[in-house]
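Atoms considered below: every heavy atom in the structure, side chains included; atoms not considered: hydrogens, waters and symmetry mates. We're numbering straight along the sequence, starting at 1.
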Amino acid sequence: MSRPPLRHAEPPWPTAADVAARRAAGWQPYPLDSFVLKVHSRCDLACDYCYMYRAQDTGWRRQPRTMAPATVERTAHRIAEHLAAHGTREAGVVLHGGEPLLAGDRALADTVRRLRAAVGDGVRLHVSVQTNGVRLTPQRLDLFGALGLRVGVSTDGGRAAHDRHRRGADGRGSHARVSAALRLLASGPYRPLFAGLLCTIDLANDPVRTYEELLAYAPPVVDFLLPLGTWHGPPPGVDLTGRRTPYADWLWAVFERWYGTPVKETAVRLLDDLMALLLGAPARTESLGLSPVRYAVVETDGALAQDDALRTAYDGAARTGLDVWRHSFDTLLGHPGIAARQWGADGLCAHCRACALHRVCGGGHFATRYRRPTGFANPSVYCADLAELIRRVRRRLAADLPGAARRGEPPAVDGTDRPARPVPVLDRGDDSPTPMTAEVG
């Protein structure tokens, strides 16, 4: 399919006209299979890097504190409607916030039951909750076990690392409470509920020590998150000239420790995805690769929204003007911000498309590309860091898998001798991209 030109110079890209041009050229959206429900819009911590309450967007102030039962019911109906329309037999729902546990046990249980009843027995529905961990108790975990509700917890490592940012409104750290909850979750009968850990990278923390502090809880998976930021409000420590790559250095130290152990201790999603992409397999997250984004956010009042991370760009960046009362999820798929993240390489700016690594980095997280006046039609503010990390991991894999690098095809990633597709990038030598810098328009 030929790609109609995208009007990258018009702020803010993308626009409804871009979506219309893509549809005219034959593009059809991918159905959604993941849904984030904001069951509570407030939080009991005051983390200083929070994109929800500390970024450009103030929309949370206008949200009701909790999602009303009628909104839950309507949302469940819309999800079931969408899955049935597309013949989807497996999907995921994340109960989110704010801090979702503030909604209370009765509301959480009611939400899960309404969701499962709406989609019916023909859909395998994976439901999880993402929490700061402060309010996890044995009684709550017993309830979650009965509901089949898995639990993800946000923590930044040991006491010093965690309490530097993840404090209450009174300034007190939350590490002691979160650590106790994690020890409970990681052991005995609650272990099957443990979905994993989210950790926001802080360059002030030693990377290997941070990884090992998280590893102490034996998580099934660790998600290291790059701090959110844009070209106008860059993340801490990012070098906009591209001459230094501190986040690549930090993650490379984790990679060396994680990859070098004789027995895999846990999954690290960012690094697992990076290796998969280099070997020709798709990634599982939006942060890397070109796989279409297939999730949506439902706000506490029932509004349909884009990724919360967009709140770091400008006030209203995540809003769509749609809601579960009047609009289906199919309608949401036509929103420019949702559609653009399903276009693969065609959704990238010319600078990224010209780079040999764009199939791996995917242009970086959509939110980190924002820059006036070209909207999201830019490389990520992490361009240089991502490129450097990819090069280092690629060299390491090429050294360990010389046959694959020489033949131009990866070993099988599914236990067979069938090579994955697309062709990997292990055999490209050191074809480094030209990192986007503060001077490039």
**Request:** Could you walk me through whether Val298 and Val36 pass side chain to side chain contact (heavy atoms under 4.5 Å, CB included), step by step?
**Result:** CA-CA 6 Å; Val298 182; Val36 178; over 6 Å; no
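- Minimum heavy-atom separation, Pro379 to Trp231: O-NE1, 2.9 Å.
- When only modelled atom types and interatomic distance are considered, Gln306 and Thr320 share no side-chain donor-acceptor pair under 3.5 Å.
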**Request:** Would you please test Asp273 and Arg269 for salt bridge (Lys or Arg N to Asp or Glu O under 4.0 Å) and show each step?
**Result:** CA-CA 6 Å; Asp273 280 353; Arg269 200 182 310 275; 5.9 Å; no
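- Counting only heavy atoms from C-beta outward, the side chains of Ile390 and Cys361 approach each other to under 4.5 Å.
- Judged as a ring-ring contact (aromatic ring centres under 6.0 Å, His included), the pairs with a partner in residues 84-104 (not counting sequence neighbours) are, in order, His82-His86.
- Formation of a donor-acceptor pair under 3.5 Å by the Asp385 side chain with backbone atoms of Ala248 is found in this model.
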**Item:** Audit row: Leu108, Val112, side chain to side chain contact (heavy atoms under 4.5 Å, CB included) steps and yes/no
**Value:** CA-CA 6 Å; Leu108 292 174; Val112 174; 5.6 Å; no
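- A distance-only check finds a donor-acceptor pair linking the side chain of Gln342 to the backbone of Val293 [under 3.5 Å].
- The aromatic rings of His175 and His162 stand perpendicular to each other, their planes meeting at an angle above 60°, with 30° marking the opposite boundary.
- Under the 4.0 Å criterion applied to side-chain N and carboxylate O atoms, Glu99 and Arg166 are not assigned as salt-bridge partners.
- Residues Phe194 and Tyr217 place their aromatic rings such that the two centres sit no closer than 6.0 Å.
- To the nearest 0.5 Å, the span separating OG1 on Thr245 from CG on Leu389 amounts to 9.0 Å.
- For the pair Glu81 and Phe329, the minimum side-chain heavy-atom distance is 4.5 Å or more.
- Shown here for Gly363 and Cys352, the closest heavy-atom pair between the two residues is CA-SG, 4.2 Å.
- Ring pair Tyr247/Tyr382 is perpendicular by interplanar angle, where above 60° counts as perpendicular and below 30° as parallel.
- A salt bridge links Glu256 to Arg396: at least one charged side-chain nitrogen sits closer than 4.0 Å to a carboxylate oxygen.
- A donor-acceptor pair under 3.5 Å is formed between the side chain of Arg353 and the backbone N or O of Leu348.
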**Message:** salt bridge (Lys or Arg N to Asp or Glu O under 4.0 Å) for Glu265 and Arg257? Distances and angles first, verdict last.
**Reply:** CA-CA 10 Å; Glu265 297 164 312; Arg257 166 64 178 81; 2.7 Å; yes
**Message:** Go through it in stages, so that I can follow the logic: the residues are Asp323 and Arg74, the test is salt bridge (Lys or Arg N to Asp or Glu O under 4.0 Å), and I'd like the CA-CA distance, side-chain angles, deciding distance and then a yes or no.
**Reply:** CA-CA 10 Å; Asp323 60 69; Arg74 186 63 172 174; over 6 Å; no
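- Heavy atoms only, all atoms of each residue included: Ala161 and Asp156 are closest at CB-O, 3.5 Å.
- Taking 4.0 Å as the cut-off between side-chain N and carboxylate O, Arg164 and Asp202 count as a salt-bridged pair.
- Across every non-hydrogen atom of Cys349 and Ala377, the tightest pair is CB-O, 3.4 Å.
- Between Arg61 and Arg42, the shortest heavy-atom distance links the atoms O-NH2, 3.7 Å.
- Checked by atom type and distance alone, the side chain of Asp18 never pairs as donor or acceptor with a backbone atom of Pro14 at under 3.5 Å.
- In this structure, Ser287 OG and Leu225 CG are separated by 7.0 Å, a value rounded to the nearest 0.5 Å.
- A distance-only check finds no donor-acceptor pair linking the side chain of Thr300 to the backbone of Met67 [under 3.5 Å].
- Interatomic distance, NE2 of His77 versus CG of Leu115, reported as 13.5 Å (0.5 Å rounding).
- The closest side-chain heavy-atom distance from Thr266 to Leu215 is below 4.5 Å.
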**Request:** Under the side chain to side chain contact (heavy atoms under 4.5 Å, CB included) rule, what do Leu304 and Val297 come out as? Steps first, then yes or no, please.
**Result:** CA-CA 6 Å; Leu304 298 176; Val297 177; over 6 Å; no
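- Not one N or O on the side chain of Trp27 forms a donor-acceptor pair closer than 3.5 Å with the backbone of Ala339.
- Annotation: Tyr314 is in aromatic contact with Tyr370 [ring centroid separation under 6.0 Å].
- With Lys38 as the partner, the side-chain hydrogen bond (donor to acceptor under 3.5 Å, both in side chains) test is satisfied by one option alone out of Asp301, Thr71, Asp308: Asp308.
- Note on Asp121 versus Arg116: no salt bridge recorded, every NZ/NE/NH1/NH2 to OD/OE distance being 4.0 Å or above.
- The distance from atom CG of Leu251 to atom CD1 of Ile201, rounded to the nearest 0.5 Å, is 4.0 Å.
- No more than 12 heavy-atom neighbours from other residues, nucleotides or ligands sit within 6.0 angstrom of CZ on Arg65.
- Side-chain N or O atoms of Thr111 include one that pairs as donor or acceptor with a backbone N or O of Ala107 at under 3.5 Å.
- The shortest distance between side-chain heavy atoms of Arg150 and His126 does not fall below 4.5 Å.
- A distance of 10.0 Å separates OG1 in Thr230 from CZ in Arg371, rounded to the nearest 0.5 Å.
- Here the side chains of Leu197 and Phe224 are not in contact, with every heavy-atom distance at 4.5 Å or above.
- Side-chain contact between Trp258 and Leu271 is present, with heavy atoms from C-beta onward closer than 4.5 Å.
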**Request:** Check step by step if side chain to side chain contact (heavy atoms under 4.5 Å, CB included) holds for Leu198 and Gln130.
**Result:** CA-CA 9 Å; Leu198 291 183; Gln130 184 63 40; 3.4 Å; yes
**Derivation of the salt bridge (Lys or Arg N to Asp or Glu O under 4.0 Å) call for Asp44 and Arg135** = CA-CA 9 Å; Asp44 49 0; Arg135 294 175 179 265; 2.6 Å; yes
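- Between the side chains of Ser328 and Asp330, not a single donor N or O lies within less than 3.5 Å of an accepting N or O.
- With a 4.5 Å cut-off on side-chain heavy atoms, Leu332 and Arg78 do not count as touching.
- Pro234 and Val381 get closest at one heavy-atom pair: CB-CG2, 4.3 Å.
- The distance from the OG atom of Ser128 to the CG atom of Leu149 is 7.0 Å, given to the nearest 0.5 Å.
- Under 3.5 Å, the side chains of Tyr259 and Asp400 contain a donor-acceptor pair of N or O atoms.
- Considering only heavy atoms from C-beta on, His165 stays 4.5 Å or farther from Cys50 through its side chain.
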